[in-house]
Amino acid sequence: MERIVNKSPIGIFKCDCGYIYLRTGPDHVEKDRYQKTKIKQFGPIWEDKLKQLTNLRFSLRETARQLGVDPATVKKYAKKLGLKTYWVKKSKIVEKNINTIKQNFPVKKVERYRGEWLNIRKQYPISSKTELRQLNNRVFTWLYRNDRNWLNRNSPKLKSTVNYNNRVDWKRRDEEIYENVRGAVGDMLSIGKPLRITISSVGSRIGMRPLLEKHLDKLPMTKAYLNKKTESTKDFQIRRLQWAIQELKEDGQVLSLWRVYRKAGIREAFQNDLKEEAIKLIRENNGM
């Protein structure tokens, strides 16, 4: 099997805020200048934000979302900084309050529905209870049927109904959701191991999966952006190959086909179909 030696340039970029990232060249197109191959250090500003969210007892998932990283990264840096976390204790609190729910559901399921509802409230702090329900009727209905006392305590107060229009302003929603979606896609493309960009995965990341799956036609700007960014299975596999090659190069390892497949997690059933593309990427990254 042919073994190809790494010869590509690697640049390290630093910000005054302490943020440091690494990028492997050369740049083939203009947009390559803005890609991050690997984040080396988040810096004190990011770490201060982590401390703040931890002190406020945000959930692990919500902390990761606000910091633009995955939960594993949050855990890693919380441990590194010696922060006192409450993520485990939160589960115990839910267990103590589980008797307020009509049925004996698993704790994780209760946490998930409560977390999704709180995330919607955070995204739309001035929205009414009815508007929030329209954004995610699945979560509202489950909580209403099974955890109504908690739902009532954690919902906006009833507004006056005089001359009040409960219809959703979909144009405003589209603008707000577009920004959230664009940020989520940016994170998924630049941080950590690749995640496939789909409507469902992006929706889950911002806590609005049902809304995107059921009402995307009412969000034309968001829909157009997602149509450009969503990936087929093969597109995603190629991006995983690109990521694997960059990771191996950073570690100074020889780029061979089997090593790239293993790093990328490509199953044997797909390897033959990707062989030509994989070899091409390896050679391009070594200036051949």
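What you see is a predicted model, and the numbers here were worked out from it, not measured in a lab.
Distance check: L281 CG to I238 CD1 gives 7.0 Å after rounding to the nearest 0.5 Å. Annotation: the span from Q246 atom CD to L241 atom CG amounts to 12.0 Å, rounded to 0.5 Å. For the atom pair CD1 of I197 and NZ of K229, the computed distance is 9.0 Å after rounding to the nearest 0.5 Å. Expressed to the nearest 0.5 Å, how far CE of M221 lies from CG of D174 amounts to 4.5 Å. Distance CG/L60 to CZ/R65: 13.0 Å, rounded to 0.5 Å. In this structure, CD in Q242 is found 12.5 Å from CD in Q237, a value given to the nearest 0.5 Å.
R239 places a side-chain N or O within 3.5 Å of a backbone atom of L195 that can act as its donor or acceptor partner. Panel note: side chain Y261, backbone K275; a donor-acceptor pair is recorded below 3.5 Å.
Residues W243 and K263 share a closest heavy-atom pair of CZ3-O, 3.4 Å. Closest approach of A184 to I206, counting heavy atoms only: CB-CG2, 3.7 Å. Closest non-hydrogen pair, R240 versus G265, comes out as NH2-O, 2.6 Å. In terms of heavy atoms, A64 sits closest to V74 at CA-CG2, 3.6 Å. Minimum interatomic distance between R196 and F236 (heavy atoms only, all atoms of both residues): N-CE1, 3.2 Å. Considering all non-hydrogen atoms of both residues, L257 and A278 come closest at CD1-CB, 3.5 Å.
In this pair, W117 and F140 present their aromatic rings tilted. The plane angle is within the 30 to 60° band. By the 30° and 60° cut-offs, the orientation of the rings of Y113 relative to W142 is parallel.
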List the steps, then state whether side-chain contact (heavy atoms from CB on, under 4.5 Å) holds for N149 with R153.
CA-CA 6 Å; N149 290 335; R153 292 195 305 270; 3.8 Å; yes

Go through the steps to decide whether L67 and Y77 satisfy the test side-chain contact (heavy atoms from CB on, under 4.5 Å), and finish with yes or no.
CA-CA 12 Å; L67 292 173; Y77 277 84; over 6 Å; no

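With respect to the salt-bridge test (charged N to carboxylate O, under 4.0 angstrom), the residues R173 and E176 qualify. Using a cutoff of 4.0 Å between basic side-chain nitrogens and carboxylate oxygens, E175 and R172 are not scored as salt-bridged. A salt bridge links D147 with R114: the distance from a Lys NZ or Arg NE/NH1/NH2 to an Asp or Glu carboxylate oxygen falls below 4.0 Å. Between K280 and E276, no side-chain nitrogen of the basic residue sits less than 4.0 Å from a carboxylate oxygen of the acidic one, so the salt-bridge criterion is not met. Salt-bridge annotation for E116 and R138: present, with a side-chain N of the basic residue lying under 4.0 Å from a carboxylate O of the acidic one.
The only member of I177, I199, L211 that meets side chain to side chain contact (heavy atoms under 4.5 Å, CB included) when paired with L216 is I199.
The closest side-chain heavy-atom distance from R148 to L143 is not below 4.5 Å. Residues R205 and N180 form no side-chain contact, since every pair of their non-hydrogen atoms from C-beta on lies 4.5 Å or further apart. Using a 4.5 Å heavy-atom cutoff, the side chains of F270 and K234 are not in contact. In this structure, the side chains of K223 and D217 come closer than 4.5 Å at one or more pairs of heavy atoms. Looking at D48 and K51, their side chains come closer than 4.5 Å, going by heavy atoms from C-beta outward. Between L219 and Y178 the shortest side-chain heavy-atom distance does not fall below 4.5 Å. L248 has its side chain out of reach of I245: every pair of non-hydrogen atoms, C-beta onward, lies at least 4.5 Å apart. Counting heavy atoms from C-beta on, the side chains of V69 and W46 come closer than 4.5 Å.
Residues S201 and S204 have side chains that never bring a donor and an acceptor to within less than 3.5 angstrom of each other. In this structure, a donor-acceptor pair under 3.5 Å is absent between the side chains of T198 and E231.
Counting heavy-atom neighbours within 6.0 Å of N272 CG, excluding the residue itself, gives a total of 12 or less.
In terms of hydrophobic clustering, with Ile, Leu, Val, Met, Phe, Trp and Tyr side chains grouped at heavy-atom distances under 4.5 Å, I279 and I266 are assigned to a common cluster. Under the 4.5 Å side-chain heavy-atom criterion for ILVMFWY residues, no single connected hydrophobic cluster contains both I45 and L81.
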